[in-house]
Every structure is written in C-alpha cells, then in structure tokens.
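Sequential numbering from 1 along the given sequence is applied to the chain's residues.
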Amino acid sequence: MPQGTIVLFNKSDCVGIIADEHGERLPFSGMETQTTDVGQQVVFDVHGAKATNVTALR
C-alpha cells in the first residue's frame, strides 16, 4: 500500500486530496476513509486515478 499525506479535505463536498510519497496528488472521497485530518499520514489503495481505503498511520 502506498503512503502519503492528506493535503486537503473539503467537508462540504466530502472530497479531498492525498499527496503520495512522490508528490503526486490523488483525489479521495471522505466516504472511503477512516480519517480526513489534513496533515495526517495515511496508507491507501489506488483504483484508477483515485485513492481508496484510506487508513491513518499511527
């Protein structure tokens, strides 16, 4: 699973952006995540051009 950081989350739209280890940005939905905290380190799966199954690193 790739690692990254949540760099943006819009609560009104329930969508956000994750920057992966290489700086590439991937959109994600707040419905497919365990965290939406900006700055949170996460692991995730990639489906197409979208991050899914976003889980916070502890």
To the nearest 0.5 Å, what is the distance between OG1 (T55) and CG (D45)?
8.0 Å

Say whether, by atom type as modelled, one donor and one acceptor occur between the side chain of D37 and the main chain of Q40 under 3.5 angstrom.
no

With sequence neighbours left out, what residues match F44 under ring pair (Phe, Tyr, Trp, His ring centres under 6.0 Å)?
none

With the side chain counted from C-beta on, respond yes when T52 and V46 share a heavy-atom pair under 4.5 Å apart, and no when they do not.
no

Testing the basics here: between A49 and P27, what is the closest heavy-atom pair and its distance to 0.1 Å?
O-CD, 3.2 Å

So how far is it from L57 CG to M1 CE, rounded to the nearest 0.5 Å?
9.5 Å

For the residue pair T5 / Q41, report whether a side-chain donor-acceptor contact shorter than 3.5 Å exists.
yes

Side-chain contact, heavy-atom cut-off 4.5 Å: Q3 with V42?
no

I'd like to check F28 versus T33 (side-chain heavy atoms, cut-off strictly below 4.5 Å). Are they in contact?
yes

Determine, step by step, whether I6 and T35 satisfy the side-chain contact (heavy atoms from CB on, under 4.5 Å) criterion, reporting the C-alpha distance in whole Å, the side-chain angles of both residues, the deciding distance to 0.1 Å, and the verdict.
CA-CA 9 Å; I6 295 176; T35 183; 3.9 Å; yes

Using atom types as modelled, flag every donor-acceptor pair under 3.5 Å from a side chain in residues 16-24 to any protein atom, sequence neighbours excluded.
from	atom 1	to	atom 2	distance (Å)
D20	OD1	H22	N	2.8
D20	OD1	G23	N	3.0
D20	OD1	E24	N	2.9

